[in-house]
Structures are given as structure tokens and as C-alpha cells.
There are 2 protein chains.
Amino acid sequence: MIYNRIKILRTERGLSRKDLAEAVDVNFQTIGYLERGDYNASLELAFKLAEFFEVPIDMAFSLRPFKTLAEELAANRAAQ
Amino acid sequence: MIYNRIKILRTERGLSRKDLAEAVDVNFQTIGYLERGDYNASLELAFKLAEFFEVPIDMAFSLRPFKTLAEELAANRAAQ
DNA sequence: TCATAATGTTGTATATACACAATAAATTGT
DNA sequence: ACAATTTATTGTGTATATACAACATTATGA
């Protein structure tokens with residue numbers, strides 16, 4: 001199973017699932033399935049989502065559980 | 001459709017499809033399908049392959065056609 | 001050259017990604 | 001508090017990723 005940050009990335013931008021679904025051209029319920037982890041995005045959809053959010057793929061999807069964005073940002077700052 | 005560099009990455013390392021398939025835990029014929037572009041890898045398999053080859057996902061998969069590795073390397077050098 | 005390994009092709013079966021519809025529940029704004 | 005929007009749930013249908021088998025073709029090495 002693949003972990004993703006779609007929900008945070010989406011809500012951070014103040015978008016509804018419908019908004020995001022239209023942007024990447026899938027059914028709005030598909031976004032719900034991904035956010036709930038009911039199934040994984042296809043590689044193509046993953047690319048489209050990462051491109052839409054303007055983040056590298058591995059910032060939106062991962063084989064391993066994510067830290068929160070805040071944790072990761074704090075860790076990065078500490079590393080400077 | 002998603003483009004990939006699996007065949008080059010694999011042959012550059014002198015691996016057979018069977019070798020690679022075992023490393024990422026899929027059927028060896030699945031590697032053939034991907035290399036021929038018969039279908040796309042799942043996101044999970046794409047991550048496993050990129051991890052196995054130790055390259056970022058977008059160096060192995062792309063929404064748009066790839067340059068050859070040699071072209072890309074030459075372009076990168078020219079950019080220095 | 002011959003044997004073996006690697007790849008290609010065709011076919012069948014299964015799991016999963018995605019579409020779509022209907023309705024229920026929860027959130028949000030006024 | 002009410003209305004409107006958003007999200008969740010359930011169900012059905014389709015396309016596609018993957019497994020596996022059998023056999024053909026091509027490449028490789030001794």
C-alpha cells in the first residue's frame with residue numbers, strides 16, 4: 001500500500017475534492033478513495049497530482065508512512 | 001500512457017528480466033509488458049523499481065517521452 | 001553448431017483503479 | 001437554525017495491471 005498526502009496538499013490550497021478532481025480529470029469520488037487509502041493512484045494519476053501540486057512525486061506519495069508536512073519542514077530547518 | 005526507462009536501466013546493469021522481476025517481486029513477464037509499453041506500472045511497482053535502480057521516480061518514469069540517458073547526461077554537462 | 005538462456009506472443013484468470021449513481025452524514029456560511 | 005456544500009457509503013460496471021502457462025523466436029556462450 002502506498003501512503004499519500006493528497007488530503008493535506010488539497011486542503012492547504014483550499015480546494016474541494018471536486019475542484020481537485022476536475023484539475024486532474026478524474027471523478028471526484030476517486031479523490032475520496034485515494035485520500036481514505038481505499039486504493040492507490042495509478043502512476044499516471046500520481047504524476048498528474050504531483051504536477052498539479054507542483055511537488056516532486058515522492059513528496060506526495062511514498063512506500064512508507066509520511067511525517068506531517070510540519071514535522072518534515074521543522075526537521076529540514078534543523079538540518080541547516 | 002507513461003514512458004519509462006526500465007529496459008535501459010536494466011540492461012545497463014546486465015540484468016535479465018527474470019533477475020529484475022525477482023528483485024521487485026513481480027512475474028518476469030510483467031517486466032516485459034512494461035518495457036514494451038503494453039501497460040503502465042502501478043505506482044507501487046514504479047516506486048519499487050526506482051528504489052531498486054536507486055534513481056528518482058522521474059528519472060525512470062515520465063508523462064512525456066524521455067531523451068536517451070546519454071542525451072540527458074550530455075545536456076546536463078553542457079549546463080554546468 | 002548446439003544447447004541454453006532470454007525475449008516475444010497469445011491466451012486465460014484475477015485483483016484493483018476508476019466511473020458513475022443514489023443517498024446519508026457531516027461541515028460550513030449566513 | 002437553516003441551506004448549501006462537502007464528504008462518506010454502498011452498489012454496479014468497465015478498464016487495466018498482474019499472474020501464469022505454453023510455445024515461438026532470437027541471442028549467447030561453450
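Note on naming: letters A, B, ... go to the chains in the order of the sequence lines (proteins, then strands), and numbering restarts at 1 for each one.
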S.K.: Nearest heavy-atom pair of Ala41(B) and Ala46(B): which atoms, and what distance?
M.R.: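 Minimum heavy-atom separation between Ala41(B) and Ala46(B): CB-N, 4.1 Å.
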S.K.: Looking at Ser42(A), does any N or O in its side chain come under 4.0 Å of the phosphate oxygens OP1/OP2 on dT16(C)?
M.R.: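 False: Ser42(A) side-chain N/O out of range (4.0 Å or more) of dT16(C) OP1/OP2.
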S.K.: Let me know the distance between CZ of Arg36(B) and C1' of dT18(D), rounded to the nearest Å.
M.R.: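 That distance rounds to 13 Å.
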S.K.: Given atom CD of Glu44(A) and atom C1' of dC18(C), what is their separation to the nearest angstrom?
M.R.: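 The answer, rounded to whole Å, is 12 Å.
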S.K.: To the nearest Å, give me how far apart CG (Leu45(B)) and P (dA15(C)) are.
M.R.: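 It is 18 Å, rounded to the nearest whole Å.
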S.K.: For residues Phe66(A) and Tyr3(A), report the shortest heavy-atom separation together with the two atoms involved.
M.R.: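 Minimum heavy-atom separation between Phe66(A) and Tyr3(A): CE1-O, 3.5 Å.
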S.K.: Within this structure, what is the CG-to-P distance between Asp38(B) and dT7(C), rounded to whole angstrom?
M.R.: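 Going from Asp38(B) (CG) to dT7(C) (P), I get 15 Å.
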S.K.: Which residues in residues 21-33 of chain B have a heavy atom closer than 4.0 Å to any atom of DNA chain C?
M.R.: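 Result for residues 21-33 of chain B: Phe28(B), Gln29(B), Tyr33(B), sorted by number.
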S.K.: Taking DNA chain D as the partner, which of residues 9-16 of chain B come within under 4.0 angstrom of it by heavy atom?
M.R.: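 Contacting residues: none.
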S.K.: I need the Asn4(B) CG to Leu49(B) CG distance, nearest 0.5 Å.
M.R.: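 The distance works out to 8.5 Å.
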S.K.: Would you kindly give the CG-to-P distance between Leu20(B) and dT7(C), to the nearest whole Å?
M.R.: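 Whole-Å distance recorded here is 10 Å.
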S.K.: Give a yes or no on this: more than 12 heavy atoms of other residues, nucleotides or ligands lie within 6.0 Å of atom CZ of Arg36(B).
M.R.: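 Counting neighbours around CZ of Arg36(B), more than 12 heavy atoms of other residues, nucleotides or ligands fall under 6.0 Å, so yes.
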S.K.: Applying salt bridge (charged side-chain N to carboxylate O under 4.0 Å, His left out) between Arg5(B) and each of Glu72(B), Glu35(B), Glu12(B), Glu71(B), report the one that passes.
M.R.: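 Single pass found, and it is Glu72(B).
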S.K.: Over how many whole Å does the gap from Lys18(B) atom NZ to dT7(C) atom P extend?
M.R.: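 It is 11 Å, rounded to the nearest whole Å.
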S.K.: What verdict does the side-chain hydrogen bond (donor to acceptor under 3.5 Å, both in side chains) test give for Asn27(B) and Thr30(B), after you've listed the backbone C-alpha separation in whole Å, the side-chain angles of each residue and the deciding distance to 0.1 Å?
M.R.: CA-CA 5 Å; Asn27(B) 191 276; Thr30(B) 295; 5.0 Å; no
S.K.: So, Asn40(A) side chain and Ile2(A) main chain: donor-acceptor pair closer than 3.5 Å or not?
M.R.: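 Checking the backbone N and O of Ile2(A) against the side chain of Asn40(A), a donor-acceptor pair under 3.5 Å is found.
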S.K.: For the CG atom on Asn76(B), are there more than 12 heavy atoms of other groups (residues, nucleotides or ligands in this structure) within a distance under 6.0 Å?
M.R.: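 Yes.
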S.K.: dT7(D) P sits how many Å from Leu34(A) CG, rounded?
M.R.: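 Between P of dT7(D) and CG of Leu34(A): 14 Å.
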S.K.: Can you pull the salt bridge (Lys or Arg N to Asp or Glu O under 4.0 Å) pairs that have at least one residue in residues 39-51 of chain B, sequence neighbours excluded?
M.R.: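 Counting only pairs at least two positions apart or across chains, the salt bridge (Lys or Arg N to Asp or Glu O under 4.0 Å) contacts touching residues 39-51 of chain B are Arg64(A)-Glu51(B).
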S.K.: Can you tell me the distance, in whole Å, between the CE atom of Met1(B) and the P atom of dA15(D)?
M.R.: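 Distance, rounded to whole Å: 16 Å.
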